[in-house]
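Structure, as structure tokens:
A note on names: the letters A, B, ... follow the listed sequences, proteins ahead of strands, and every chain is numbered from 1.
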Amino acid sequence: MTEGAAGTETAPAHRYTAAVAGQIERRWQDYWADHGSYRAPNPAGTLAEEGAPLPSDKLFVQDMFPYPSGTGLHVGHPLGFIGTDVYARYHRMTGRNVLHTMGFDAFGLPAEQYAAQTGTHPRTTTEANIERYLQQIRRLGLGHDERRRIATTDVEYYRWTQWIFLQIFNSYYDEEQDRARPIGELEKEYAEGVRATPDGRAWSELSRVEQREIIDEHRLVYISEAPVNWAPGLGTVVANEEVTADGRSDRGNFPVFRKNLRQWMMRITSYADRLLDDLDRLDWPEKVKTMQRNWIGRSRGANVRFPVDGKTIEVFTTRPDTLFGATYMVLAPEHPLVDELTAEEWPASADGQTAVDERWTGGATTPAEAVADYRRQASRKSELDRQESKEKTGVFIGAYAVNPVNDARIPVFIADYVLMGYGTGAIMAVPGQDQRDWDFATKYGLDIIRTVQPAEGFEGEAYTGDGPAINSTNADLSLDGLGIEDAKKAIVAWLEEHRHGEGTVQYKLRDWLFARQRYWGEPFPIVYDENGLPIALPEEHLPVELPDVADYAPTTFDPDDADSEPQPPLAKATDWVEVTLDLGDGPKKYRRDTNVMPQWAGSCWYQLRYIDPDNHERFVDPENERYWLGPRPAEHGVNDPGGLDLYVGGVEHAVLHLLYSRFWHKVLYDLGHVSSEEPYRRLYNQGYIQAFAYTDSRGFYVPAEEVEEKDGRFFHNGEEVKQEYGKMGKSLKNVVTPDEMSRNYGADTFRFYEMSMGPLDDSRPWATKDVVGSHRFLQRLWRLVVDEETGEVRVADTELTDDDRRQLHRTIAGVREDYAELRFNTAGAKLIELNNYVTKVYGAAAATPRELAEPLVLMLAPMCPHVAEELWNRLGHPDSLVHGPFPVPDEQYLVDETVEYPIQVNGKVRSRVTVAAEAGKDEVRAAALADEKIAALLDGAEPRKVIVVPGRLVNVVR
RNA sequence: GCCCCCGUAGCCCAACCGGCAGAGGCAGUCGACUUAAAAUCGACGCAGUGCGGGUUCGAGUCCCGUCGGGGGCACCA
């Protein structure tokens with residue numbers, strides 16, 4: 001009993017309030033830091049622990065690399081971080097060696113742009129932002145191994161990024177062995193004559209420059225004069241993956257132009273098959289796998305060559321079986337053969353009698369004029385126009401090709417529905433089986449020949465379904481009657497035999513444009529010699545440090561000025577660019593490469609550096625890599641590629657980061673530097689926390705926290721406002737920060753709330769008003785252990801009832817399963833349920849049984865580590881619970897002695913009967929039928945059927 | 001246009017292999033404490049699972065159609 005209420009105007013002195021939570025949280029955060037509680041020992045190197053046996057059971061959990069933005073975090077940002085922390089903590093408590101840390105992807109545009117505006121060095125801004133970011137996440141009590149923090153901007157880190165670049169640069173893809181090999185082995189093959197030079201001369205007869213040029217063509221990193229995506233408004237080129245569907249830059253939303261420039265490329269296409277096929281070995285969301293599959297875009301088909309006036313048009317088709325139905329051809333307007341093939345004047349039409357169809361000429365008097373006009377029109381169309389209007393257009397170029405299967409003369413067109421960037425930039429058009437070709441053919445009056453018999457009742461136009469081939473016979477080949485697959489095999493064999501083509505595979509995936517004309521990124525470890533050839537710096541010249549420059553920004557241009565040329569900031573650092581080095585043949589003058597790597601570079605391999613963050617000899621010690629990332633077939637199956645045990649992040653990186661990272665990892669694997677074939681065995685996409693925003697009648701945002709709801713309408717200062725749903729952001733005036741949540745409720749409450757809002761992979765709206773529920777739960781739990789008035793521990797060693805044990809062990813079993821399956825919302829609900837039970841039974845009693853209180857505290861620990869530590873400590877345990885124990889369920893309390901069966905009659909519950917748990921089907925059936933309500937309903941009639949589902953229910957069908 | 005995911009109570013969400021629609025939280029109502037209020041504590045479930053069909057003894061769960069929301073791809077030959 002508490003004494004009289006006099007003077008208790010405030011809350012009891014020892015209640016779990018935000019202030020108490022704050023003290024506890026800081027105290028335990030200091031304790032963990034002082035004790036290095038989250039340090040995960042390595043097998044070898046500086047982070048190995050002498051004398052202590054290393055658990056073979058390990059877990060490597062990682063969050064996607066955050067960019068330390070200067071604007072600070074809102075409550076949505078840490079969702080995944082807390083999720084991984086809970087998961088990591090649970091496993092750490094069960095005795096596993098858990099590696100969890102967090103670093104920063106710190107190169108990138110914002111710091112550079114800020115530098116350009118203010119003159120502050122990007123490093124200064126970046127470091128300040130990282131510090132700010134760390135303050136925010138430290139307040140949340142994330143159990144990171146602080147020794148393993150890295151930032152991509154650390155010279156010691158990017159030194160190894162450059163080193164990996166050199167590994168890739170110094171490699172080529174051996175198609176026979178299907179793996180990357182050191183470039184030196186290729187050179188040896190040339191030198192020994194195992195491999196022939198392009199022009200057949202002996203290797204030794206070639207000049208050094210010639211030799212280098214041949215070698216350079218095989219490297220996995222190469223310079224190419226190729227169409228790249230130039231964004232004048234950004235002042236840099238960007239990768240294909242960074243261009244949106246409407247032809248703008250992912251970042252900044254500037255127009256992007258295709259332009260031929262000399263640029264660094266990475267030969268990711270060599271890995272297309274492996275990147276695609278190995279998806280099957282990964283435990284990833286299907287959605288992400290599908291996106292990668294689509295991006296790689298493998299299609300199997302054939303290349304077919306069509307003769308035209310002594311020249312040849314080569315096309316790629318996935319439907320070589322329809323070759324007999326090819327009635328015309330189309331080249332992309334920018335196809336290099338167009339100029340060569342365009343006729344002097346319009347020929348007579350195919351039958352040689354009449355003039356050429358006037359629909360084909362675009363009204364021009366000569367084919368050259370038609371082509372020029374059409375090209376002009378096509379180039380004026382933006383990407384967006386092209387997509388919006390799918391109306392087919394094109395012109396005849398006055399030439400006829402010959403279909404190799406039947407010698408038919410078929411007209412050649414140019415049309416912008418054929419893209420230069422895919423396949424060979426030319427197609428054979430088969431209107432009978434392709435809707436695009438059908439549309440074009442009907443518009444221009446071209447022949448349509450069906451070569452697949454449409455299914456019965458087919459009423460569409462082009463028929464793309466399966467069916468027997470028809471109209472597909474020549475002198476020595478007939479496909480007629482064959483299904484699509486068999487017809488493909490037959491025609492490909494025929495094409496190969498007659499040298500008209502061959503089976504082949506095409507990919508949408510292009511090589512990775514790897515250079516950016518910016519300042520705040522990793523410099524290339526490359527110099528150019530007097531011949532202008534790139535030379536990889538030897539390892540001992542690393543790191544190549546970023547020089548200081550006066551002006552951090554690349555020259556940007558009018559976003560629409562397609563003719564501008566990139567001018568990188570590093571080019572202005574002439575003292576740095578012009579360098580004298582001794583690369584083995586005496587000091588010579590060289591010119592440094594002035595590009596920097598794209599931001600993706602640093603995040604391609606950070607999981608490897610987390611493993612061995614201060615290894616100065618290697619980027620990662622092989623023994624440590626094998627321990628943390630190596631394949632574990634015994635646990636994950638014979639196909640296990642290895643990699644992180646859990647990687648959590650947003651789905652927006654589905655293609656870019658995750659594809660690049662896999663690519664680098666595979667190169668490192670091929671070269672023998674890592675034992676794992678994939679970086680991320682298991683991937684999980686957390687959802688997004690979104691928020692409501694409100695606009696007033698003028699369309700301006702009003703502070704969301706000041707809006708009141710009444711009867712489904714919303715008011716701000718009495719004025720009705722409109723509700724919107726979406727992102728959290730300063731401009732939307734709806735930002736809620738983790739800092740204010742920690743201040744108002746404590747970090748543990750915030751963590752618990754975030755986890756209990758719903759499944760981790762769901763997106764959902766933030767609701768500050770709901771947080772109080774989580775806070776009340778922790779208060780109630782606290783109250784079971786600590787007397788709010790006196791602060792004394794109110795736990796005693798009393799005996800539990802059977803009911804207590806059943807409740808407890810059922811909870812333990814359920815919570816363990818939920819934690820292991822990342823179902824933190826239901827784990828939380830089970831803890832609340834148990835807590836409510838204990839409160840009900842012992843809340844008013846003198847004391848809470850220790851046997852209930854302790855497991856409850858331990859099970860809470862992954863989600864609310866601070867308050868759990870505090871209570872565990874007050875319960876008399878001097879050691880931290882970071883490493884457990886975690887309660888284990890006692891099987892005997894998981895089974896009930898009796899089971900209550902609902903009895904349905906025709907599917908509707910009519911009665912209930914309780915029988916012994918071990919009762920057989922017949923006993924349950926008998927008990928059900930003996931029930932008076934059921935007997936009454938049956939009214940003496942024999943039931944038609946009685947279904948007994950053991951442990952579930954009985955259904956009586958009458 | 002094509003493909004994928006999701007629609008359960010006023011709101012956020014549970015519900016295993018098809019087996020009693022409700023675990024948990026918010027809000028609400030009632031009660032206790034209080035001079036009062038807040039805080040706290042206790043009690044109370046209002047929907048039949050977006051809609052229409054189908055399969056089944058039985059459907060939130062499986063199938064078909066449809067509507068709504070979210071996402072991906074988009075002339076890829």
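Screening A:Trp782, A:Tyr16, A:Phe752 for a ring-ring contact (aromatic ring centres under 6.0 Å, His included) with A:Phe777, the sole residue that qualifies is A:Phe752.
For A:Asn825, the listed nucleotide lying nearest its side chain is B:A14; candidates were B:A39, B:G19, B:A14. Closest contact between the side chain of A:Thr826 and the listed nucleotides B:G19, B:A77, B:A14 involves B:A14. If you check B:G42, B:C57, B:A77 against the side chain of A:Arg780, the one that comes closest is B:G42. Distance from the side chain of A:Ile832 is smallest to B:G24 among B:C20, B:A77, B:G24. Taking every side-chain heavy atom of A:Asp770 into account, B:C26 is the closest of B:C26, B:G72, B:U40. Considering only side-chain atoms of A:Lys392, the nucleotide from B:C75, B:G19, B:U40 that sits closest is B:C75. Closest approach to the A:Ser299 side chain among B:A77, B:G72, B:A14 is made by B:A77 (side chain taken as heavy atoms from C-beta onward). Out of B:C75, B:G72, B:C41, the shortest distance to the side chain of A:Met291 is found at B:G72. Minimum atom distance to the side chain of A:Pro902 is reached by B:C20, of the listed B:A77, B:C20, B:C26. Here the side chain of A:Lys840 is nearest to one of B:G24, B:A43, B:G72, namely B:A43.
A glycosidic torsion no more than 90° from 0 defines the syn conformation; B:C11 lies beyond that range and is anti. Glycosidic torsion of B:G48 falls within 90° of 0, placing the base in syn.
Rounded to whole Å, the C1' atom of B:G31 lies 44 Å from the corresponding atom of B:C17. B:A47 and B:A27 have their C1' atoms separated by 16 Å, with the value rounded to a whole Å. As rounded to the nearest Å, B:G25 and B:C64 have P atoms that lie 38 Å from one another. Distance check on atom C1': B:U8 versus B:G68 gives 15 Å, rounded to whole Å. Taking the P atoms as reference points, B:U35 lies 38 Å from B:A23, given to the whole Å. Remark: the separation of the C1' atoms in B:A59 and B:A15 is 13 Å, to the nearest Å. Across B:C11 and B:G54, the matching P atoms stand 29 Å from one another, rounded to whole Å. A gap of 24 Å separates the P atoms of B:C41 and B:C46, to the nearest Å.
Regarding A:Lys488, its NZ atom lies at a distance of 10 Å from the P atom of B:A77, rounded to whole Å. The nearest whole Å value for the distance from the CG atom in A:Leu658 to the C1' atom in B:G72 is 15 Å. Atom CG of A:Leu894 is separated from atom P of B:C16 by 19 Å (rounded to the nearest Å). Following rounding to the nearest Å, A:Asp761 (CG) and B:G70 (P) show an atom-to-atom distance of 18 Å. If you take CE of A:Met757 and P of B:A14, they are 12 Å apart, rounded to a whole angstrom. In this structure, NZ of A:Lys769 is placed 12 Å from P of B:C13, rounded to the nearest angstrom. B:A14 atom P lies 21 Å from atom CG of A:Leu834, rounded to whole Å. Put simply, CD on A:Glu833 is 15 Å from C1' on B:C13, counting in whole angstrom units.
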Trace of the side chain to side chain donor-acceptor pair (under 3.5 Å) decision for A:Asp439 with A:Gln435: CA-CA 6 Å; A:Asp439 294 343; A:Gln435 189 60 42; 3.0 Å; yes
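The nucleotide B:A39 finds no pairing partner, because no Watson-Crick or G-U wobble arrangement with both distances shorter than 3.5 Å includes it. Across all strands shown, B:C44 is found opposite B:G28 as a Watson-Crick or G-U wobble partner, with both distances under 3.5 Å. Across all strands shown, B:C2 forms a Watson-Crick or G-U wobble pair, both distances under 3.5 Å, with B:G72. With a 3.5 Å ceiling on both atom-pair distances, B:A21 lacks any Watson-Crick or G-U wobble partner. Base pairing of B:C33: no nucleotide in any strand meets the Watson-Crick or G-U wobble criterion (both distances under 3.5 Å).
Nearest-nucleotide assignment on RNA chain B puts the 5′-proximal partner with A:Thr290, out of A:Thr290 and A:Gly421. Nearer to the 5' terminus of RNA chain B, by closest-nucleotide assignment, is the contact made by A:Arg776 (compared with the other of A:Arg776 and A:Val957).
Across all strands shown, A:Glu286 has no heavy atoms under 4.0 Å from either base or sugar-phosphate atoms. A:Ser763 comes within contact range of the sugar-phosphate backbone alone, with a heavy-atom separation under 4.0 Å but no base atom that close. Using a 4.0 Å heavy-atom criterion, one finds that A:Lys287 contacts the sugar-phosphate atoms exclusively.
Across every non-hydrogen atom of A:Ser774 and A:Ser756, the tightest pair is OG-OG, 3.9 Å.
For B:C3, the OP1/OP2 oxygens have no side-chain nitrogen or oxygen of A:Asn294 closer than 4.0 Å. Taking side-chain N and O atoms only, A:Asn836 has a distance below 4.0 Å to OP1 or OP2 of B:G25.
Side chain to side chain, A:Arg794 and A:Thr848 meet the donor-acceptor criterion of an N or O pair below 3.5 Å.
Checked for salt-bridge contact, A:Glu833 and A:Lys830 miss the test: no charged N lies under 4.0 Å from a carboxylate O. A salt bridge does not link A:Glu789 with A:Arg783: none of the charged nitrogens is closer than 4.0 Å to a carboxylate oxygen.
In the interface, the side chain of A:Asn955 is paired with the base of B:C57 through a donor and an acceptor atom under 3.5 Å apart.
Aromatic ring centres of A:Trp438 and A:Tyr463 lie farther apart than the 6.0 Å criterion allows. Aromatic ring centres of A:Tyr328 and A:Phe440 lie closer together than 6.0 Å.
Within a 6.0 Å sphere centred on NZ of A:Lys722, other residues, nucleotides and ligands contribute 12 heavy atoms or fewer.
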